[in-house]
Amino acid sequence: MKRIGILTSGGDCPGMNAAIRSAVRTALYEGMEPYGIYSGYKGLIEGIIEPLASKDVANSIHKGGTFLRSARSLEFKTEEGQKKAVENAAKFGIEGFVVIGGDGSLTGAKALSDKYGLKVVGLPGSIDNDMYGTDMSIGVDTALNTIVNCIDMINDTASSHDRTFLIEVMGRNSGYLAMTAAVSVGAEAVIIPEVPYSLESIISKIKVRYMEGKSRSIVIVAEGAGSAYDFGKAFSLIGGFETRITVLGHLQRGGSPTHFDRILATRLGMAAVQKLKAGESGVMIGLQNTQVVSTPFEQVLSTKKTLPQNLLDMVEILH
Ligand code: ADP
Ligand code: F6P
């Protein structure tokens with residue numbers, strides 16, 4: 001395999017640039033020709049494809065976002081769009097692909113591999129950490145550090161004013177970010193889509209805390225469980241506490257990647273190119289028990305990633 005195309009797709013995340021850099025420089029080391037496909041599948045359909053030299057990825061390992069840009073392409077979900085993409089791959093002589101993105105992006109990667117016989121390797125890039133086949137996706141550690149820093153700051157005001165704060169975090173349908181953040185900041189409760197909750201019992205718990213003289217309460221809400229504004233109304237109506245809401249939003253997706261994300265992205269980016277060179281295709285490369293491993297797209301996309309039960313228990317025991 002001589003020429004490979006690299007693209008980032010779906011929601012961006014910190015560490016994508018580090019993964020691209022690693023894939024580009026590994027490809028050059030292996031005597032291959034790396035090409036950048038701009039704006040995800042949109043760029044593949046429109047032919048926005050350019051060769052990448054070593055200097056093109058210089059000074060990028062520490063930058064958030066993705067310099068290849070990302071997009072959500074509805075056209076790529078259609079047969080017509082996919083055919084245009086495959087035609088462009090042939091036109092540019094691209095024989096293998098590294099696709100970095102979330103489960104939607106890897107569903108697209110699976111289509112390229114299964115339906116059109118292209119050689120494709122995927123990397124998990126999404127702050128949600130909802131993909132089976134890897135303990136951690138690229139970007140999760142950075143997002144969590146950002147969330148924890150923000151909540152620590154909110155905590156100062158919550159404590160000074162004896163307030164209850166409901167803080168909404170991202171994660172789409174997954175409660176991973178919420179649950180992990182809750183343990184890291186010592187939250188009183190967490191509301192996530194995977195586990196049934198009772199607002200009444202959370203409110204009673206907070207009442208007891210105030211009676212015990214504890215100054216503040218933090219409740220983390222995963223966006224997939226509902227709106228922190230809606231929960232907040234119930235908290236002030238039923239509980240009668242002074243309640244404030246913060247929705248952290250897209251600041252969770254930006255910023256310089258942490259050391260962990262840089263290493264993870266670098267390891268996975270290098271492995272992706274080496275696996276393509278060795279003839280592997282139709283797989284996602286992930287990290288399991290500190291080892292880099294491949295899992296078929298079929299398994300990645302059809303298996304639900306479960307939340308670590310021990311973290312859930314910790315919130316209950318330690319509040
Ligand atoms: P993420 O990769 O972060 O989950 P999306 O779900 O928006 O983000 O998917 C990113 C892109 O992947 C979509 O815009 C589309 O181009 C492609 N994609 C998603 N689902 C499919 C599908 N079922 N078939 C083909 N391509 C898909
Ligand atoms: O998948 C990453 C993510 O940030 C989710 O946590 C969130 O639900 C979604 O993307 C937001 O998407 P957008 O940036 O299109 O608003």
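Side chains included, hydrogens not; waters and symmetry mates left out as well; all remaining heavy atoms used. Counting convention: from 1, in listed order, for ligands and their atoms alike.
Residue contact check: Tyr41 has heavy atoms under 4.0 Å from atoms 12 (O), 16 (O), 17 (C) of ligand 1. Which parts of ligand 1 touch Gly10 is read off a 4.0 Å heavy-atom cut-off, strictly below it: atoms 1 (P), 2 (O), 3 (O), 8 (O), 10 (C). The ligand atoms of ligand 1 that sit less than 4.0 angstrom from a heavy atom of Ser9 are 10 (C), 11 (C), 12 (O). In the vicinity of Gly102, heavy-atom distances shorter than 4.0 Å reach the ligand 1 atoms 1 (P), 2 (O), 3 (O), 4 (O).
Using a cut-off of 4.0 Å between Lys/Arg side-chain N and Asp/Glu carboxylate O, Asp12 and Arg253 are scored as salt-bridged. Using a 4.0 Å cut-off between charged side-chain N and carboxylate O, Glu242 and Arg244 make a salt bridge. With respect to the salt-bridge test (charged N to carboxylate O, under 4.0 angstrom), the residues Lys110 and Glu298 qualify.
Between Thr107, Val99, Asp128, it is Thr107 that holds the heavy atom closest to atom 22 (C) of ligand 1. Relative to atom 4 (O) of ligand 1, the option among Gly125, Gly11, Gly104 with the closest non-hydrogen atom is Gly104. Taking only non-hydrogen atoms, the option from Asp128, Asp130, Ile127 nearest to atom 6 (O) of ligand 2 is Asp128.
Contact annotation for Gln82 and ligand 1: only side-chain heavy atoms (C-beta onward) come within less than 4.0 Å of the ligand. Using a 4.0 Å cut-off between heavy atoms, Ala111 makes no contact with ligand 1 at all.
Not a single heavy atom of Gly102 sits less than 4.0 Å from an atom of ligand 2. Proximity of Arg72 to ligand 2 is established by a heavy-atom distance of less than 4.0 Å.
Protein heavy atom in closest approach to atom 2 (O) of ligand 1: Ser105 OG, 2.5 Å. In terms of protein heavy atoms, atom 14 (O) of ligand 1 is closest to Ser73 N, 2.7 Å.
Taking the six-membered ring for Trp, Tyr197 and Phe231 have ring centres closer than 6.0 Å.
Tyr210 contributes no side-chain N or O that, together with a main-chain N or O of Phe241, makes up a donor-acceptor pair within less than 3.5 Å.
Within 6.0 Å of NZ on Lys277 lie no more than 12 heavy atoms contributed by other residues, nucleotides or ligands.
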